[in-house]
Amino acid sequence: MGDRRPRQAWLRHRHASSDAGAELNKTPLYDFHLASGAKLVPFAGYHMPISYASLSHAQSHHFTRNNASLFDVSHMVQHLFRGPAAAAFLETVTPSGFKDQPAMQGKLTTFLWPGTGGIVDDSIVTRLAEDEFYVVTNGACLDKDTKYFDEELGKFGGQVEWSRLDNSGLLALQGPKSAEILAGLVDVDLATLYFGSAVLANLKVSTGDTVPVLISRGGYTGEDGFELSFNAAMGAAPEMTALAAEALLTSAGQDRLQLAGLGARDSLRLEAGMCLYGHDLDDTTTPVEAALSWVIPKERREQGGFHGADVILAQLTPKSKGGTGVTRRRVGIVVKGAPAREGADIVKDGEVIGTVTSGSPSPTLGKNIAMGYVKDGLHKSGTELEVVVRGKARKGTVTKMPFVPTKYWKQLLP
């Protein structure tokens with residue numbers, strides 16, 4: 001495919017990571033957060049709001065479920081992959097299918113390590129045009145992902161150009177009132193923008209001007225909602241993010257929209273059964289173990305050709321049919337008594353059978369919920385087990401996820 005290498009303008013810049021001692025970056029909303037009473041904490045190499053003075057964690061969580069909340073997710077890393085071979089490259093480093101993906105449609109996938117099939121990072125990939133894909137990855141994985149893409153593109157060859165959209169803004173508007181709030185500020189019809197779809201639009205900001213925005217319907221809370229990207233590749237300066245946030249909050253009013261931080265975001269995503277990379281997913285975990293086999297379509301299972309395919313396809317096939325299966329699986333657990341936290345042992349009949357990877361009280365359910373990995377065969381809903389919390393075994397039950405039903409805006413099929 002030739003020797004043309006991807007554009008590497010990112011090499012000219014130093015980027016803070018989540019490593020201790022690294023200088024923290026600021027999102028385009030940093031000053032806005034301070035003015036809004038945010039409590040900032042280090043996260044993924046950035047100063048990020050964990051909560052705001054206006055609402056407690058639980059209040060913010062409930063407000064999102066009942067109204068709408070605005071989250072700054074500008075720590076997430078935005079990329080563009082362009083060129084005639086962009087789809088082929090993405091089909092090499094992920095198990096998903098992109099050659100036939102419709103324009104302005106997005107999907108969850110996992111970037112994989114060659115050989116092992118371990119998850120480098122999870123991501124949403126949206127096809128913007130025939131040869132252009134918009135990719136969002138986790139901020140905490142910035143350094144690792146940057147090295148990974150550079151090396152994999154180098155091995156792949158040419159006809160692919162990769163650019164990282166640094167200094168961009170990304171807002172998540174989440175909750176049942178999200179659509180009515182956003183509809184009054186954009187020039188597109190949101191009624192037919194279904195879950196997983198995207199659209200380029202213009203958004204009216206607090207100055208009265210309009211700014212270009214990429215709107216993707218979806219999110220991390222299980223509620224209906226949108227992610228709004230403001231980046232130079234689409235003609236929006238980073239400072240437009242704060243103007244957009246001000247416009248949304250002013251237009252909606254405090255009874256419909258509030259700012260929310262990482263605390264509410266984490267409990268909302270856990271109720272929705274969604275993974276957090278570095279906790280529920282890591283380099284040693286495959287999509288099959290992580291209960292993400294659904295990201296692998298039938299044609300890719302038949303054809304293979306992606307990193308770690310030999311391992312992953314064997315795991316998809318039970319031992320009784322010649323495969324290897326898996327030894328562990330990701331599950332949801334309802335825990336009685338004290339909440340289980342990451343690292344807690346999961347026990348069955350006195351034997352350690354797994355580990356909790358995420359856990360917290362569920363504000364919506366009024367129960368303690370957790371996510372973790374258990375031995376294959378003990379992953380079925382209703383399985384009783386115990387979770388060790390502060391040295392004491394607490395009763396737990398394997399439960400289907402999501403813990404709280406999702407409310408995505410989906411097209412009703414005839």
Side-chain angles (χ1 to χ4, degrees), residues 5-20 22-25 27 42-46 48 73-83 85-96 98 106-128 132-157 160-170 172 216 220 227 229 231-233 274-287 290 292 295 306-308 312:
R5 295 296 302 275
R7 185 167 61 199
Q8 297 175 334
W10 54 269
L11 285 173
R12 296 194 296 271
H13 306 282
R14 178 182 180 276
H15 298 276
S17 71
S18 56
D19 295 339
E23 182 182 351
L24 295 177
N25 287 331
T27 75
F43 184 79
Y46 281 83
M48 293 295 294
V73 289
S74 302
H75 66 290
M76 303 292 282
V77 188
Q78 302 177 61
H79 315 252
L80 287 177
F81 288 85
R82 292 168 166 156
F89 171 73
L90 291 171
E91 289 193 354
T92 299
V93 294
T94 80
S96 303
F98 296 100
K107 64 178 68 173
L108 176 70
T109 191
T110 56
F111 289 99
L112 303 171
W113 288 111
T116 67
I119 298 173
V120 179
D121 201 357
D122 60 327
S123 173
I124 299 292
V125 178
T126 302
R127 188 174 211 153
L128 299 181
E132 184 174 23
F133 293 84
Y134 168 72
V135 176
V136 180
T137 57
N138 286 292
C141 297
L142 185 149
D143 293 338
K144 179 179 70 169
D145 290 350
T146 294
K147 181 179 179 182
Y148 174 83
F149 289 137
D150 182 40
E151 292 179 349
E152 292 302 320
L153 283 163
K155 290 186 290 185
F156 183 81
V160 185
E161 182 186 77
W162 161 47
S163 54
R164 215 175 65 195
L165 305 177
D166 293 340
N167 301 314
S168 297
L170 191 64
S216 304
Y220 201 46
E227 293 198 346
S229 170
N231 61 75
M274 295 187 179
C275 298
L276 177 61
Y277 193 88
H279 301 261
D280 312 301
L281 305 174
D282 60 27
D283 299 297
T284 70
T285 308
T286 69
L292 296 175
V295 307
F306 53 87
H307 285 351
I312 290 171

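Numbers here simply count residues along the sequence, with the first being 1. This structure is a prediction, so every number in the text was calculated from the model and none was measured. Below, each value reflects all heavy atoms present in this structure, side chains not excepted, and no hydrogens, waters or symmetry copies.
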Distance alone, cut at 3.5 Å: any donor-acceptor contact between the side chains of Thr109 and Ser96? yes
Give a yes or no on whether Asp283 atom CG has more than 12 heavy-atom contacts from other residues, nucleotides or ligands under 6.0 Å away. yes
Does a donor on one side chain and an acceptor on the other come within less than 3.5 Å for Thr285 and Asp282? yes
Find the distance between CD1 (Ile312) and OG1 (Thr116) and round it off to the nearest 0.5 Å. 8.0 Å
Cation-pi check for Phe111 against Lys144: NZ or CZ below 6.0 Å from the six-membered ring centre and within 45 degrees of the axis, yes or no? no
When you measure from the side chain of Asp280 to the backbone N and O of Leu276, does any donor-acceptor pair fall under 3.5 Å? yes
For a quick test of reading the model, state the closest non-hydrogen atom pair linking Tyr46 to Thr27 and the distance between them. CD2-CG2, 3.6 Å
Met76 vs Asn138 side-chain heavy atoms within contact, under 4.5 Å: yes
When you measure from the side chain of Ser74 to the backbone of Leu170, do you find a donor-acceptor pair of N or O atoms at a distance under 3.5 Å? yes
Could you go step by step and tell me if Val77 and Asp145 meet the side-chain contact (heavy atoms from CB on, under 4.5 Å) rule? CA-CA 10 Å; Val77 188; Asp145 290 350; over 6 Å; no
Interatomic distance, CG@Leu80 vs CH2@Trp162, rounded to 0.5 Å, equals 12.0 Å
What is the ring orientation for Phe149 with Phe81, classed by angle as parallel under 30°, tilted 30 to 60°, or perpendicular over 60°? perpendicular
To the nearest 0.5 Å, tell me how far Glu152 CD sits from His307 NE2. 3.5 Å
Check whether any side-chain heavy atom of Ser123 sits under 4.5 Å from a side-chain heavy atom of His79, and report yes or no. no
Just so I know, are the side chains of Pro95 and Leu112 near enough to count as touching, which here means a heavy-atom distance under 4.5 Å? yes
Tell me, do Leu281 and Leu292 make a side-chain contact under 4.5 Å, heavy atoms counted? yes
Test salt bridge (charged side-chain N to carboxylate O under 4.0 Å, His left out) applied to Asp121 - qualifying residues, sequence neighbours left out: none
What's the spacing between Tyr277 OH and Thr137 OG1 if we round to 0.5 Å? 11.5 Å
Mind listing the closest non-hydrogen atom pair of Leu90 and Phe133 along with its distance? CD1-CG, 3.6 Å
Output the distance between atom OH (Tyr148) and atom CH2 (Trp113), rounded to the nearest 0.5 Å. 7.0 Å
If you measure from CG on Leu153 to CD on Glu161, what distance do you get to the nearest 0.5 Å? 10.5 Å
